[in-house]
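A, B, ... follow the sequence lines: proteins, then strands. Residue 1 opens every chain. Computed from a predicted model, the values in this text were never measured in an experiment.
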Amino acid sequence: MNLFARMRDDILAALADMQAAGELPGGLDTANVTVEPPRDPAHGDMATNAAMVLAKPAGMKPRDIAAALSPRLAALDHVAGAEVAGPGFLNLRLADSVWADVIATVIEDRDFGRSDMGAGQRVNVEYVSANPTGPLHVGHTRGAVFGDALANLLDYTGWDVTREYYINDGGAQVDVLARSVYLRYLEAHGQEVAFADGTYPGDYLVAVGEALKEKVGDAYVDKGEDVWLEQIRDFATDAMMDLIRADLAALGVEMDKFYSEKSLYGTGRIEAALDTLDGKGLIYVGTLEPPKGKLPDDWEAREQTLFRSTDHGDDVDRPVKKSDGSWTYFAPDIAYHYDKIDRGFDALIDVFGADHGGYVKRMKAAVSALSDGQVPLDIKLCQLVKLWKNGEPFTMSKRAGNFITLRDVVDEVGPDVTRFTMLTRKNDAPLDFDFAKAVEQSKDNPVFYVQYAHARIRSVERKADALEIAMGPPQLSDPAEFDVARKLAEWPRLVEIAAKNHEPHRIAFYLYDLASSFHSLWNKGNDDPSLRIIQEDHPHVTAGKLALPRAVATVLTAGLGILGVTPLEELR
RNA sequence: GGACCAUUAGCUCAGCUGGAUAGAGCGCUGCCCUCCGAAGGCAGAGGCCAGAGGUUCGAAUCCUCUAUGGUCCGCCA
């Protein structure tokens, strides 16, 4: 039940009545009529812009339309009052009973806030997709949390979601990995080795080298790459993916599918994707203009096979084949997205790090071209995370030497705090993550503040249980109680907005607001004992007051569930 | 030279795809809390929404230009 959507239906019905009665011209477009909570609570519970939107097409003054609409809405049972205000707003005040109904609905209907706006359409959310060359670092962590919460959010709003990880196991970087593992392998055989530039020196490969020795003995010692490169590449990539899967599991992220770039090679799928583009006249051989400004030192004009991405919104055409005839990294990516389209997804979402921002237009161009504009691709960029501890930059890592891993973060503050904190900023805003503040138990830590609200409610409920007082029908009287109910009523609307915009951070901010209004009510109980939930001498009153916190806890749990955070029963 | 993202209170940031007097936390000021459910509470000050144009009933929000900061910019992924 979305109160705002319901009221909008009421308004549209009233407008139709007015048209039938000749008070309004027929055939008006009502698509822009909205019902929103007013910023100023003095303006009532809801406001509609209907009169202002319709004034021009109807050829009438906004206030006249509003004045005619007002009595029709005021006559509804659940509307206590309707007033024309400002330039033509219609402010609506709802009957008190509506808010008690909201509470009751939240408690009875486990799906309060769920939406069917996705209508069962299939969406593919690709996130993390880190190279399989080492453990996930803190930047991946943000992408992982963001992508996972977005996937949850879309699931909550009626989409059929596939969570997917693209393994970049086809490029030169996995050869580098293989050579690095080979060095560790030699080390395991007691040889002294030196890690040249362009190899991965991280300790995490020591175990892989030893495992390789376990498996093949000395078969590769003193042998050339032609003997071992391919085998070690597969072995090392598998080991890294095991590591990455474990990292994701520690964060509570579970993928539906891992898609291998390598699986695209030698199967004709890259060729098929490019043939499709070629069939649309979008592939040609040519030479790109040199980039403006200062040229790279070794720049020289070369003839390449190019994708005419400029036909689909890109700034320049992009090479798909190197001058030696091999694929660029872009080619398998085109094939991969072609495969997603082929698998029948209705919408695609890619979550990238901000350093891949330059890649957005060409990828969108490719999907647009391959799907004839039928499959929308949204690319969400996650900005950098800066780590702090007590206000000092934090750069040490136990595991990997020079970068902070996902494990470092999760070990330090736990998966729940990691996830919530990563969502306290918009994805495209840089994020400061302070290890100390993230676990601080104070009001300026939103994670704690939201968890505290839930724990408080659970504490009250345990106390009520001990007193053998059961929850009864909701009773609301104080303005602070209505404020909480109003906040609860916004939940379904907020979920839809967050899902439509692919912005899970809105959930986190909402939960903070909801927690805040609940804490505010609780604090009033300090001064006014009649507002306390548990009133031992009045079990009947207590029963009526228990519903509101139950409803708050229900929505907090639902919201935290979307974020992938477990609500706490009590604080320690 | 170009692309993308950002620019909102002293600081860190929200802001409902265009609505009314722009919000929160921190910090600041004042009051309360040492009997109550206080890992505190209440209230207040603080703004040319970077700047300039434009679009319309109405702009922090959409468009153009400018400034500042970040990310990136042909065979690395």
Quiz item: Where the side chain of His140(A) meets the backbone of His137(A), is there a donor-acceptor pair that is under 3.5 Å apart?
Solution: yes
Quiz item: Counting only N and O atoms by type, is there a donor-acceptor contact under 3.5 Å from the side chain of Thr157(A) to the main-chain atoms of Ser115(A)?
Solution: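 No; zero donor-acceptor contacts below 3.5 Å.
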Looking across every strand, which nucleic acid part, if any, lies under 4.0 Å from [X] by heavy atom: base, sugar-phosphate, or nothing?
{"X": "Glu440(A)", "answer": "nothing"}
{"X": "Asn49(A)", "answer": "base"}
{"X": "Phe509(A)", "answer": "sugar-phosphate"}
{"X": "Lys361(A)", "answer": "sugar-phosphate"}
{"X": "Gln441(A)", "answer": "base"}
{"X": "Thr328(A)", "answer": "nothing"}
{"X": "Asn523(A)", "answer": "sugar-phosphate"}
{"X": "Asp333(A)", "answer": "nothing"}

Span that lies between the [atom1] atom of [M] and that of [N], in whole angstrom:
{"N": "G47(B)", "M": "A67(B)", "atom1": "P", "answer": "28 Å"}
{"N": "G25(B)", "M": "A43(B)", "atom1": "P", "answer": "10 Å"}
{"N": "A20(B)", "M": "C42(B)", "atom1": "C1'", "answer": "28 Å"}
{"N": "G74(B)", "M": "U68(B)", "atom1": "P", "answer": "24 Å"}
{"N": "A77(B)", "M": "C11(B)", "atom1": "P", "answer": "43 Å"}
{"N": "A52(B)", "M": "A59(B)", "atom1": "P", "answer": "15 Å"}
{"N": "U8(B)", "M": "A50(B)", "atom1": "P", "answer": "6 Å"}
{"N": "C4(B)", "M": "A9(B)", "atom1": "P", "answer": "26 Å"}

Quiz item: Quick one: do the Arg362(A) and His312(A) side chains pair a donor with an acceptor below 3.5 Å?
Solution: no
Quiz item: Using the ring of each side chain (for Trp, its six-membered ring), is Tyr512(A) parallel, tilted or perpendicular to Tyr449(A), with breaks at 30° and 60°?
Solution: tilted
If you compare every side-chain N and O of [X] against the phosphate oxygens of [N] (OP1, OP2), does one of them come in below 4.0 Å?
{"X": "Tyr359(A)", "N": "A77(B)", "value": "no"}
{"X": "His505(A)", "N": "G15(B)", "value": "yes"}
{"X": "Lys364(A)", "N": "C4(B)", "value": "no"}
{"X": "Lys524(A)", "N": "C42(B)", "value": "no"}
{"X": "Lys426(A)", "N": "G15(B)", "value": "yes"}

Quiz item: Counting a pair only when it is Watson-Crick or G-U and both distances are under 3.5 Å, which runs of at least 3 such pairs involve RNA chain B?
Solution: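 Looking at RNA chain B, the stems formed by three or more consecutive pairs are B:1-7 with B:67-73, B:10-13 with B:23-26, B:28-32 with B:40-44, B:50-54 with B:62-66.
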Practice problem: Step through it carefully: locate the ring centre of Trp491(A), locate the ring centre of Tyr510(A), and say whether they are under 6.0 Å apart. | Solution: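 Here the rings of Tyr510(A) and Trp491(A) have centres that are less than 6.0 Å from each other.
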Compare the minimum distances between each of [options] and the side chain of [X], then state the nucleotide with the smallest one.
{"X": "Asp355(A)", "options": "U71(B), G19(B), A39(B)", "value": "U71(B)"}
{"X": "Arg506(A)", "options": "A20(B), C16(B), A77(B)", "value": "C16(B)"}
{"X": "Ser520(A)", "options": "G15(B), A20(B), C42(B)", "value": "C42(B)"}
{"X": "Asp432(A)", "options": "U71(B), U12(B), C16(B)", "value": "U12(B)"}

Exercise. Evaluate whether the aromatic ring of Tyr512(A) and the six-membered ring of the A24(B) base sit under 5.5 Å apart, centre to centre, with an inclination under 30°.
Key: no
Self-check item: Separation of atom NZ in Lys500(A) from atom C1' in C16(B), rounded to whole Å
Solution: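 Atom-to-atom, Lys500(A) to C16(B), this comes out as 10 Å.
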Self-check item: Basic-acidic side-chain contact under 4.0 Å: Asp350(A), Lys340(A)
Solution: yes
Self-check item: Shortest non-hydrogen contact between Met422(A) and Thr141(A), atoms and distance
Solution: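 Residues Met422(A) and Thr141(A), closest heavy atoms: CE-CG2, 4.0 Å.
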